[in-house]
Peer 1: 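Dumping the structure here so I can ask a few things about it.
The figures that follow rest on heavy atoms only: side chains count, while hydrogens, waters and symmetry mates do not.
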Amino acid sequence: MGIITTSVFELLKIGPGPSSSHTIGPMKAGYDFSRLIQGLTSEQQTSITGIEVKLFGSLSATGRGHGTDRAVLAGLLGRRPEECPPDFLDGLSLDQHAVHLLQVGTCTIRFTAANIRWDDGQYDFPFSNTLIISLYGDGETLLEREYYSIGGGFLQWKGERETERGAPRYPYENAAQLWKLLKKHRLGLPELMLANEMAITGLDLNEINRRLDRIIAVMEKSVRLGVHTEGFLPGPIGLHRKAPLMYQRAGGMTQNAERLLVYLCAYAFAAAEENAAGHVVVTAPTCGSAGVIPAVVSLLRRHRKLSLETVRNALLASVAIGFIAKQNASISGAEVGCQGEVGVASCMAAFLIAFASGSDLRVAENAAETALEHHLGLTCDPVKGYVQIPCIERNAMGAVKAYTAWLIAREGLPDWHIVGLDKAIEAMNLTGRDMRVEYRETSQGGLARCC
Ligand code: SF4
């Protein structure tokens, strides 16, 4: 599968929900294309006659519910996910009568709902979530790029050249290799991750820590906003936000275990509901699963009073688990179902809790493996194409499973644990590739079919 060269900030990204594949990836594509248009000569720019965005795979099947059209348009209007204010997207209507103007030099391109083509045919693209943006001039195609939104907000395009990046100082492909490196070099996992991040990106230690603290702050903010925002989520389901009520009720509970559990669920609901509302979250590792890690981070910070430094190190350590899952399987619901989104988030979260709690590496690996193992086979079946049912509750279940997985691992003898993390990731990959397409973010199978 190759050495992992992903940056921490490619996995943990700040951007608008509700789906990293359907909003962050397509917005990046729109932004990239807007830069390409700017590079045309003034003669080419004056000959522009129109623009077309073609959406394929689950971008077409569930893109309306996810707001893919608005995300591409925001990108074309020059917005990038990490900087796009939520109210900008909220106000970006693409109903029948809305007209948007893209300014290219002295040329103005009209953009309406008719410029988007939702293509539900079967194609042989290398990735199912494909979009093609074309710019037309007088009788010719001036520009065209085929983009692949490959999950977690990662974007590639046809013919893309490998971006220059440094080689990791401690190269690894899977968990077994990573544990060996830690032993050989007598390193802690956060130290290894920092050394690799500096080598890959060229960022210095202070900048990496600053960015990690910002990620944690956005996670905590999404929880804070979510537990205080009442009302209904957008879309045809009419789903009521539940986090505020749950949070309020948790405060009145006298039974400690129940109170903690309800708080954990309320935090996961809060961030997942913010995501469903199209507000800013952190892909951890995706938007659809953006409630799991913020929930455990909030629990550790608010209730166990762990320091920012402890949580930052544990988050960094958990990113290694996300990298290994992405490298050897997938974090895209369109590729391997929800086991790759909420399953991987839960796996990372179990590792994070264990690490932050001072468990040794073997216990942390067992916790991560247990959390992932019990998500195997989980399909992606968002009702009416909206990241709401089953997604929001599923985030809470992912957080609870993560916590339980850590308790099981902590209270057992590590050597009695048979299945290693690499094996669970391999099983996830095999299971996901065997899944019929209906169960991979098309809204044509499972709950989406029955509701
Ligand atoms: S079911 Fe899971 S993978 Fe599918 S959209 Fe919801 S959270 Fe994402």
Peer 1: Tell me, do Leu315 and Ile216 make a side-chain contact under 4.5 Å, heavy atoms counted?
Peer 2: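 Yes. Closest side-chain heavy atoms under 4.5 Å.
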
Peer 1: Salt bridge check: are Lys401 and Glu373 linked by an N-O gap of less than 4.0 Å?
Peer 2: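 No.
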
Peer 1: Is the closest side-chain donor-acceptor distance between Ser47 and Gln44 under 3.5 Å?
Peer 2: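 Checked: Ser47/Gln44 side chains show no N/O donor-acceptor pair below 3.5 Å.
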
Peer 1: Using side-chain heavy atoms (C-beta onward) and a distance below 4.5 Å, is Gln339 in contact with Thr431?
Peer 2: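 Answer yes - side chains close enough.
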
Peer 1: Could Glu82 and Lys13 be called an ion pair, given the rule that one side-chain N must be under 4.0 Å from one carboxylate O?
Peer 2: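 Looking at Glu82 and Lys13, the cut-off is not met.
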
Peer 1: Answer yes or no: is there an ion pair linking Arg145 with Asp32, defined by an N-O contact shorter than 4.0 Å?
Peer 2: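 Between Asp32 and Arg145 there is a salt bridge, with a charged N closer than 4.0 Å to a carboxylate O.
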
Peer 1: Fit a plane to each ring of Trp406 and Tyr403, take the angle between them on a 0 to 90° scale, and name the class: parallel (under 30°), tilted (30 to 60°) or perpendicular (over 60°).
Peer 2: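 Aromatic pair Trp406/Tyr403 classed perpendicular.
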
Peer 1: Should the heavy atoms of other residues, nucleotides or ligands under 6.0 Å from CZ of Arg249 be counted, would the total exceed 12?
Peer 2: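 No.
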
Peer 1: Should Glu274 and Ser222 be marked as a side chain to side chain donor-acceptor pair (under 3.5 Å) after you check the CA-CA gap, both sets of side-chain angles, and the distance that decides it?
Peer 2: CA-CA 6 Å; Glu274 278 297 284; Ser222 65; over 6 Å; no

Peer 1: Please indicate whether Glu140 has more than 12 foreign heavy atoms, meaning atoms of other residues, nucleotides or ligands, lying under 6.0 Å from its CD.
Peer 2: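 Atom CD in Glu140 is packed in, count exceeds 12.
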
Peer 1: Can a side-chain donor-acceptor contact be found between Thr286 and Ser289 if the only test is distance below 3.5 angstrom?
Peer 2: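 Ser289 vs Thr286: donor-acceptor pair found between side chains.
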
Peer 1: Go through the side-chain N and O atoms of Glu52 and Ser134 and say whether any donor and acceptor fall under 3.5 Å apart.
Peer 2: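 The answer is no; no qualifying pair exists.
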
Peer 1: If you measure from the Lys or Arg side-chain nitrogens to the Asp or Glu carboxylate oxygens, is any gap between Arg224 and Glu220 under 4.0 Å?
Peer 2: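 No.
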
Peer 1: Would you say Glu146 and Thr130 are linked by a side-chain donor-acceptor pair, where the criterion is simply a distance under 3.5 Å?
Peer 2: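 Checked: Thr130/Glu146 side chains show no N/O donor-acceptor pair below 3.5 Å.
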
Peer 1: Kindly indicate whether a cation-pi arrangement holds for Arg241 with Phe232, taking the cut-offs as under 6.0 Å to the six-membered ring centre and within 45° of the axis.
Peer 2: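 So Arg241 doesn't make the cation-pi contact.
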
Peer 1: Have a look at Ser58 and tell me which of Arg440, Gln444, His22 forms a side-chain contact (heavy atoms from CB on, under 4.5 Å) with it.
Peer 2: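 Of all the options given, the one that passes is His22.
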
Peer 1: Any ion pair linking Arg394 and Asp381 (charged N to carboxylate O, less than 4.0 Å)?
Peer 2: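 Yes, Asp381 and Arg394 are salt-bridged.
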
Peer 1: Taking CD in Glu393 as the centre, count heavy atoms belonging to other residues, nucleotides or ligands within less than 6.0 Å. Is the count above 12?
Peer 2: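 Open: at most 12 neighbouring heavy atoms sit under 6.0 Å from CD of Glu393.
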
Peer 1: Are the side chains of Phe56 and Ile132 in touch, meaning some heavy atoms are under 4.5 Å apart?
Peer 2: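 Touching, per the 4.5 Å side-chain cut-off.
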
Peer 1: A cation-pi test, strictly: NZ or CZ of Lys326 under 6.0 Å from the centre of the six-membered ring of Phe154 and no more than 45 degrees from its axis. Yes or no?
Peer 2: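 Yes, Lys326 lies over the aromatic ring of Phe154.
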
Peer 1: Is it true that atom CZ of Arg433 has more than 12 heavy atoms of other residues, nucleotides or ligands lying nearer than 6.0 Å?
Peer 2: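 Counting neighbours around CZ of Arg433, more than 12 heavy atoms of other residues, nucleotides or ligands fall under 6.0 Å, so yes.
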
Peer 1: Answer yes or no: is there a side-chain heavy-atom contact under 4.5 Å between Leu178 and Leu189?
Peer 2: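 Yes, their side chains come closer than 4.5 Å.
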
Peer 1: Heavy-atom count around Lys54 NZ within 6.0 Å, excluding the residue itself: above 12?
Peer 2: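 Atom NZ in Lys54 is packed in, count exceeds 12.
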
Peer 1: Aromatic rings Trp179 and Phe351: how do their planes relate, parallel, tilted or perpendicular, breaks at 30° and 60°?
Peer 2: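 Correct class here is parallel.
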
Peer 1: Below 4.5 Å, heavy atoms only, C-beta onward: do Arg312 and Asp213 meet side chain to side chain?
Peer 2: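 In short, these two side chains touch, coming nearer than 4.5 Å.
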
Peer 1: Step through it carefully: locate the ring centre of Phe125, locate the ring centre of Tyr148, and say whether they are under 6.0 Å apart.
Peer 2: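 No: the rings miss the under 6.0 Å criterion.
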
Peer 1: Just wondering, are more than 12 heavy atoms of other shown residues or ligands nearer than 6.0 Å to CE in Met397?
Peer 2: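 Atom CE in Met397 is not crowded, with 12 or fewer foreign heavy atoms closer than 6.0 Å.
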
